[in-house]
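Down below is the structure, laid out as structure tokens.
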Amino acid sequence: MSRVLSAVAWPYANGPRHIGHVAGFGVPSDVFSRYMRMAGHDVLMVSGTDEHGTPILIAADEAGLSPQELADRNHRIIAEDLAALGVSYDLYTRTTTRNHHAVVQELFLGVHQNGYFVEQTTYGAISPSTGRTLPDRYIEGTCPICGYDGARGDQCDNCGNQLDPADLKNPVSRINGETPEFVETQHFFLDLPALADALGEWLDEREATGLWRPNVIRFSQNILKEIRPRAMTRDIDWGIAVPLEGWQDNPTKKLYVWFDAVIGYLSASIEWARRSGDPEAWRQWWNDPEALSYYFMGKDNITFHSQIWPAELLAYGGKGAKGGEPREYGELNLPTEVVSSEFLTMEGRKFSSSKKVVIYVRDLLSRYQPDAFRYFVAAAGPENQDADFTWSEFVRRTNDELVAGWGNLVNRTANLIAKNFGEIPAAGPLAPEDEAVLGVVEAAFDTVGGLIGRHRQKQAIGEAMRAVGEVNKYVSDSEPWKLKGEDQRERLATILHVMAQCVADLNLVLAPFLPFSANLVDAALGGPGDVAPMPRLEDVEDLDGGAGYPVITGDYSTAPRWERRPVVVGTPVVKPTPVFTKLDPSVVEEELARLAGE
RNA sequence: GGGGCGUUAGCUCAGUCGGUCAGAGCAAGGGACUCAUAAUCCCUGGGUCGUGGGUUCGAGCCCCACACGCCCUACCA
């Protein structure tokens, strides 16, 4: 048994999240975490809402809200969505807590004290009216190369050339139309070159495990070759103050949002520990070199998790070329594995909120079972390459695989037992075919568990469903419905007992993927319906006197072990109601019409 | 422009070290059964593994070029 940190990407608070987001980090991280708990590991699963940065300011302006109001609103929406999806965070918090601000400042001071920040002057655009950094992509103008009018500051969409915003003709801010001002400004740069050797050693060691997905490790090693110092502060009035004399009180100098967002993994662990009553408990996941940490995200976030975040950790620990000593947090563990997924597309197109190529988590969950979506993501999600979500495929996966395969097995099992015995019967002597099917099902614990542990969830759920098929075949071959005579009653009891055991086993194997239905299936076989503990949304006070906020938390210690639990003979079983809802094929057209804008 | 990943049956995808690796699921066609949300079980069809070269006794698997798709390109997060 090990300590396992499940570090889940922090959703950005500029709006509600769509199903592509949760397909990338939400479902995979929850499947993994639920399995690891059942396998006996001590899992700490943390995340939260990422609430700083320029896009929040822009979204707030558009909505006529303050940035904090916008963040409050979206944090609540996102947390509700994730809880509704059943993602079992030990703590899902946010970056505007006082705890997070303090932890980020401590990290900054450690990195600074060890000499891994260098002050540099840069030349960049600001908005004259607000003094805020105007990121390149928010500037547009005429391309100096091809003359195209709608060129962005970083790149011309017409000729494809990379640009420097200062070279654009007639540059204007896309935010408010004003002409940007190009100014000299002072920033702290993270001295990544001084950390490059340490990062390279870490990546080589990680590569040697053979566990990282090839594209993630290759990409990470590649960006190391051209590593340069990177600015970790911004001219902006929304974010975490730079905790140094002369900077602390400067209202328009803040830490870069990515510097603070990745620290959320640590600050959320600390917040969790403080709320648990043992404020030092987080150290078991962060200071013990034996502890494991898995980071879940979409592929656009790899840089920040395989370079920036480990660089911050190394710098804080004094592990780079400049040496140094850690401060109060001690030596912090680097990621064991960066588990990055690819992207989900939508009916063949990229998700885009502005172009309305989008399905929000909330909308999907308002009309369909969370487990139907979770099944789709596990079975057909963007694990190793981009995957396409289509409504017809969603309906097919739900009806032909989930309902027809697993749902039907549960239903026919409970029905036969209810009809013939009203309770789980005792088995007589087992025939070879009984032994065989029980063996196949029990073996699924090892194969499926091993695959989930190696982040092969598609194959894992495929193996689980294959075992479901084996049991359906066993039922068809055994034909228990034909055993009507009194002399056949013991054989009938044996078959139904074996079926009940198989369903109970497979239900545990599927529980990480389908937690809501796992509880329903457990109840259908007369159990208490608690095999998959659920997260809860809870309003809490800020620990340090700030405003209260909702979090996701839960007690998952009751999750059963990842092994066969013998069914209890005599457990009452009544005629079941179907666990899964079969979808009418017409939903495909309805949803496509909805996408097209009614 | 540079870097990375991908392109395998109608669809969605597996293919570890180059040698039964040409596969699975679903869809399609045929049959069986009736406990079950017309669900289940059995059988069958189907691919010159993006294109063009190369290395090799032998290549989805290695090398080169090209096409298409996607990600990153470090002040978007």
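Reminder, nothing fancy here: chain letters follow the sequence lines and each chain counts from 1.
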Once you apply a heavy-atom cut-off of 4.0 Å, does A:R456 come out as touching a base, just sugar-phosphate, or nothing? sugar-phosphate
Got a salt bridge between A:E383 and A:K458, using NZ or NE/NH1/NH2 to carboxylate O under 4.0 Å? no
With a 4.0 Å cut-off on heavy atoms, is A:K225 in touch with a base, just the backbone sugar-phosphate, or nothing at all? nothing
Given atom CZ of A:F389 and atom P of B:C70, what is their separation to the nearest angstrom? 20 Å
Between A:L57 (CG) and B:C76 (C1'), how many Å, whole number? 13 Å
Taking atom P in both B:U48 and B:G60, compute the distance separating them and give it to the nearest angstrom. 13 Å
Rounded to the nearest angstrom, tell me the gap between atom CG in A:D300 and atom P in B:A77. 12 Å
Pairs counted only when both distances fall under 3.5 Å, Watson-Crick or G-U: show me the 5' to 3' dot-bracket for RNA chain B, [ ] for pseudoknotted crossings and | for other-strand partners. (((((((..((((.....[...)))).(((((.......))))).....(((((..]....))))))))))))....
Is the closest basic N to carboxylate O distance between A:K299 and A:D386 below 4.0 Å? yes
Within less than 4.0 Å of OP1 or OP2 of B:U12, is there a side-chain N or O belonging to A:Q459? no
With heavy atoms under 4.0 Å as the rule, sort A:A414 into base, sugar-phosphate or nothing. nothing
What is the per-nucleotide protein-contact pattern of nucleotides 30-39 of chain B, from the 5' end, where B denotes a base atom under 4.0 Å from a protein heavy atom, S denotes such proximity for sugar-phosphate atoms only, and - denotes neither? ---SSBBB-S
For A:R17 and B:A77, is the shortest distance between a side-chain N/O and OP1 or OP2 below 4.0 Å? no
When you compare B:A9 with B:G4, how far apart are their P atoms, in angstrom units rounded to a whole number? 26 Å
Between atom CD of A:E312 and atom OH of A:Y116, what is the distance when rounded to the nearest 0.5 Å? 14.0 Å
Using a 3.5 Å distance criterion without hydrogens, assess whether the side chain of A:Q307 forms a donor-acceptor pair with backbone atoms of A:I227. no
Sequence-distant partners of A:V588, side-chain contact (heavy atoms from CB on, under 4.5 Å), two or more places apart: A:W391, A:S392, A:V395, A:L592
Without decimals, in angstroms, what is the distance between A:E470 CD and B:C42 C1'? 14 Å
Looking at A:V503, is its backbone amide N or carbonyl O close enough to the side chain of A:N507 to form a donor-acceptor pair, meaning the two atoms are under 3.5 Å apart? no
Going by a 90° cut-off around 0, is B:G69 syn or anti? anti
For B:A24, take OP1 and OP2 only and decide whether either is under 4.0 Å from a side-chain N or O of A:K458. no
Looking at A:Y256, does any N or O in its side chain come under 4.0 Å of the phosphate oxygens OP1/OP2 on B:C76? no
Give a yes or no on whether a donor-acceptor pair under 3.5 Å exists between the nucleobase atoms of B:C75, that is its base, and the side chain of A:T122. yes
